[in-house]
Each structure stands twice: as C-alpha cells, then as structure tokens.
Amino acid sequence: MRRGIALWPLIGILACGALAWNGSRFLETKPKPRSKDLSFLPAPVVAKAMACGQPTALAKLRWIDSFAYFNHQIDRRDDAVAGPDQRGGFERLYDTLIALDPNFLPFYEHAVLNMSGVLKQHRAGLSVLMRGLLARPHETSLWRLASAELAISFDLAKRDPAQLDMWLRAWMEAESSDDARQSVLDWRRGLAFANVDGLQTLPYWLEQLRSTKPGSPLAIFVEGTIRELLAEHGSRELNKLLYSSILPLVTSVQLDPAVLAQRWPRGAPAWAPVVWSGPGGPPPVLRPDPFGYAWQRVGGQVISPGREQRRFLVISQGQRLALEAEAAKRGRPPLDSDEAAAWGIPLPQPGHGGTWSFAGNLPEVDWPEPEQQPWPLR
Amino acid sequence: MILVVAGATFREAVRSRAFLGLLAIFALAALATRVVGWISATDGNLVSLDLIMSLQSIIGVLVAVATGTVLVQNEIQQKTLYTVLCRPLPRWRFVVGKFAGLSGALVLGQLAMAVIGLGWMWITGAPLNLWLALAVAMTCLEVLVMAAVGLCLSMLAGPLLSAVLCLAVYALGHAVATLPELIDHLEGWQRTMAAAGAAIVPNLGYFTFRGQAIHGHAMTASDVLQSLGYAALWIALLVTIAIAVFRRKQL
C-alpha cells in the first residue's frame, strides 16, 4: 500500500507560520497607548440583568477596557459620549460599574481621579466618593480622597474650616484603630501645603497618587501633574532667589547659603528646588527640575524644561487632534511636519530638543532623556 | 438500586470527554486570569479571583448542561436503558439514581475547580478567606439546579434543543434576580406578564455570593438556609417533573 506524504512536518511549518504571524503584532518595542471611545454604556439595571450572574467579573472587565477611554480623554478632555443622557462618559461608566460591584475600591479611586482630577468635574467626583463611603464606611482611602476633595477642590479649608473639622471628626469616628485616627490628624497637618504658593492642590494629587498602581496610565498622569506643580513652584522660588541675588543656575556650582537662609531660615523644605538642611549643614545643592532636567534661564527667567514639554503638548493639542482626524480621513498619518503643513495643519516646533514623531495617527513628541533621575514621588 | 445507578452514572460522567475537557479549559483559563489581573492597574488579586469564581460558575453550568441533557437520551440511543429497565427497577428510581450520580460528578468537578483556581491564587500570593468556600458551595447549588433543569428539559425535548433551552434558563434565571429593579419601568399587563414569566424560572440570584465573598463579606445563616431550601425545592420539582414524563414515555 502506498503511503501518503507525511503531514506532521507540514503541520509544524503551518503552526510556526501562524504563531509568527500572531506574535509579530507584539514585536514593536515602543508600547502604544490604546485609545478609544466608550462604545457601549448600558444603564446599571440593564447591565445587571445582562450580566448572567457575573456582575462583579463583568464590571471589572468593562473597567479594564475603559482604560482606553481614559487615554482618549487625556488628549480630548471633552468626556462626550453618544446617547440622550446629559451626563459625561465617565459619570455614566462608573455609575454602571459601581452598581455592578459596589465593593470594589479601585472603581471609586479611579472614578474620582478621572472625573475630578482630569476633567475637573468635582461634584461628580465627590458624589462617587459619597457612594463609596455608603458602601464601605470604614475605608480609609475613600475618607482621605473625600477629605482632599472637600478641602482643596471645594476649598472647604478656607471657606468653612468648621465644616471641615466636623467632617474630619466623622472620619476619625469611622476609623477603628488609634493609628488610623492619628493618621487623620496627620492628614490635617498635611493641609499646610495649602499655604505654600503654587502647591495648594499638592495634597489632593498626593492622595490620588496613593490610589494608583506605579506604571499605570493613571499613575503616569498623576505623577506628571505633581511634577508640573513642583516645577512651577520650583521655578517661582528660583526666580525669587534670582532677583534677591545672583544665582548661578548650574547644578555643579555651589549656592550661596546666606541667600538661601533669607528664604528658608531652617533649611529648604522637601518640595524646594534646592537641597539644603539649613545654616551649618552641608553646602546647598541645586536639584534638577522634578522631571530630571537641568533648570534653564530663558529671557532672565528660570524655567523647567520638563514643565515646558508638558505645556507644549497642551498648546499644540488643537493641531495634534486636527491632524489625527485628518490622518483617520486619509487612512495614514503624515510622513513629517512638512506634509502635515501641506495638509493645512502646520505644527509648531517643539523646542527643548524635541522632535515630532508620526508613528500613530496622533502625532507625539520625542523628548530627549533627562540628564538625572526625576524626583521620587512615592 | 438507586446507588448502583448513581455510581454508574458518576463514573460515566467523570470519565466523559465533556467533563474532562471543560475542567482542562477551566485550568487554562484560571492560569490566564492572572494576566488580566496584571493589566488591571491594581495588584490584580481581586480581579483574578473574581474571574476565577465566575469561570467556575460558567464552566460548572456548561458541564451540567452538556452532561445533564444527554443523561437519559444516551441510554435510550445506546439501548443500554432496556437492560436496566428489564430488571425490577421502577423508573423513578432510575431517574433519581441518574440525577444523584450526575450531582456527585458535578460537585466533584466544582471541588476540583475550587482547588485548582483558589490554589493557583494562593500560590501566586492572593489572600484568601473562608467565605470563598461558602461561595463555592453556593455555586455548587446553582450548578445542581441547572443540572435538574437540564434533566427535566431533556425529557421533554431532544438533547440539542434542551441544551439551548437550558442555557436560556440560566440567562433568564439570573436576569429575574434583577427584575424587581426593572419591573418599575413596566405597567399594567406588561408588569403582570413579566412577574408571571419570572415565576416559572428558578431565581439563580440566590446562589451568587461570589461578589461578596471575594471582598470577605459575610453571608448570614438565614441567607444560607434560604438558598439551600430554594435549591432543594427547585431540584425536587424539576426531578419530579422528569420522573412524571419518563414514566409515561414510550420506550
């Protein structure tokens, strides 16, 4: 009997081809942030009925998928979704997710960061936190976030300190241990930031940072915001020093302790652009900006290159989004800035060593690596 | 005699390809849930645990449907039923034995899935709590009710149709748990129809304790008793219907 050709080698070759084809999608070294609109937002009661007895698992999967909407909103900040509901996409999304699984803490933490932190919808953010405290009345992180929201976003620390104190007393009563109650007092002391020029919202963002996972898109956003605040504060402080004396803005050059002592008689605080423990201590050292770049002097003003980079992206946002829409229409991104200009959307020059990158539909800027480590925030 | 039929059914069920295949799929999926946990912007423990508990319910129900709907039909098709019924064995004992054997296999499957899933979570550092064991027990009840639904429907229709109907009952059984929230949107006869429709399917919401258990929330003793009673009632009802139909069946 004649034997047919051996099929196993053929199967092996075809399987290798299939694996290689599938694997090729993951070979790109630079991760691309996934960005998409919210396409399906059922009402909470409908979502529960459709969940086939798995509402909590379904909510978590929907939540993970919605990270792409967060990336979408980082660029757009319009929070607009289709449908007759007047509420924004995040509010509708988290309303459904919380109804499906009211005990999952990250829903509340992310909801308040997205709605209040990114989109400045503070009322919606606070309402989510209040729902969270109803579901988890002894959850310290929710109390911390709600306190930061009330004290800073609603300015209760200045507008009605007595109300804030009542709120903090309620928090203390909700805590079960002495350590936790002590942490409420520590939190109250931390509000001293509210008196530091330019750092009024820092406690709020530090609270947000606590509730994010390092390396996640949310954490990257919050860290960037904190660095921006610190950079703004640092350049303001350095400009004050610049006017009070001749401050050489080179990190290797020693600063004049006498000048610094006028500004910080007991040493520079942790968020200052200078490391100095006070008169009699080791010589002061100028830190890099919070992003790790050396401070620069432009037109007699001290600037933070890292902050300028972030500001540039905000300034050029209109052109970037217009170009993304045009690229989607044409089916490809432009090859370079010249082609973008030929499409009728000229892009500004980034400066600070940045170059435009057109790998995706939304143009990005490749910035040079910072010379030093960014300030540690955790 | 019931035990003899149950033992044979149990052995047959645990050796079936559907049973072993779905267990293998569960094991692979349970391993993969960790990946979902990693990309969840949290430590991933709760997310992975929740997915594993859900998979256990879904795959448990699939096993119940795949084996429950062919339980008696296979015996008829392979003509092995006649060798059993020619003995002095009342038909009701045959059906009860079949269901008991299948129940044993399904409970064993649930325990195996719990050991694999929760063991994997424990090995990878997720904190576990004792309420998860109760959640597994509740899922067992859910699966047994669905096995009874499968058995009952298989007496009334062919295996394929009864499997489809069984999955529909599963979806409806969970949907009716949320009916009190939805029914306010209905009025008049629509409201009456919805309530009547909901009354004829088992409310599987009584057995979904998974969501609370992963957060370490307690289930009260009265809730546990209520779930047990509800499951016993529906299993008794469905198995009795299956017996009634089988007794009149022309073989």
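Heavy atoms only: backbone and side chains are in, while hydrogens, waters and symmetry mates are out. Lettering follows sequence order; numbering is per chain, from 1.
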Asker: Measure distances from A177(B) to the heavy atoms of chain A and classify the residue's part below 4.5 Å as side chain, backbone, both or neither.
Answerer: neither

Asker: Quick check on L58(A) against chain B: is it the side chain, the backbone, both or neither that has a heavy atom closer than 4.5 Å?
Answerer: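 Contact with chain B is absent: no heavy atom of L58(A) under 4.5 Å.
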
Asker: Just so I know, are the side chains of K213(A) and T42(B) near enough to count as touching, which here means a heavy-atom distance under 4.5 Å?
Answerer: no

Asker: Please tell me if the side chains of M53(B) and Q54(A) come closer than 4.5 Å, counting only heavy atoms from C-beta onward.
Answerer: no

Asker: Please round to the nearest 0.5 Å and tell me the distance separating atom SG of C52(A) and atom CG of L167(B).
Answerer: 9.5 Å

Asker: At a 4.5 Å cut-off on heavy atoms, which part of S40(B) comes close to chain A: side chain, backbone, both, or neither?
Answerer: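 For S40(B), the contact with chain A is made by backbone and side chain together.
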
Asker: For I39(B) and F67(A), work out which heavy atoms get closest and say how close.
Answerer: O-CE1, 3.5 Å

Asker: Under 4.5 Å heavy-atom distance to chain B, tell me which part of T56(A) shows up: side chain, backbone, both or neither.
Answerer: both

Asker: Is L204(B) close to chain A through its backbone or its side chain, or both, or neither, when contacts mean heavy atoms under 4.5 Å?
Answerer: neither

Asker: Which atoms of K48(A) come close to chain B, meaning under 4.5 Å heavy atom to heavy atom: side chain ones, backbone ones, both, or neither?
Answerer: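 For K48(A), the contact with chain B is made by backbone and side chain together.
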
Asker: Do L61(A) and V47(B) make a side-chain contact, defined as non-hydrogen atoms from C-beta onward lying under 4.5 Å apart?
Answerer: no

Asker: Heavy-atom cut-off 4.5 Å, strictly under: side chain, backbone, both or neither for I214(B) against chain A?
Answerer: side chain

Asker: Taking the side chain as every heavy atom from C-beta outward, state whether D50(B) and D101(A) have any atom pair closer than 4.5 Å.
Answerer: yes

Asker: Does M193(B) have more than 12 heavy atoms from other residues, nucleotides or ligands lying within 6.0 Å of its CE?
Answerer: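 Incorrect, the count does not exceed 12.
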
Asker: With a 6.0 Å cut-off (strictly less than), is the heavy-atom count around CG of L28(B), excluding the residue itself, greater than 12?
Answerer: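 Count over threshold, so yes.
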
Asker: Which one, A43(A), A59(A), A57(A), P102(A), leads in non-hydrogen pairs under 4.5 Å with chain B?
Answerer: A57(A)

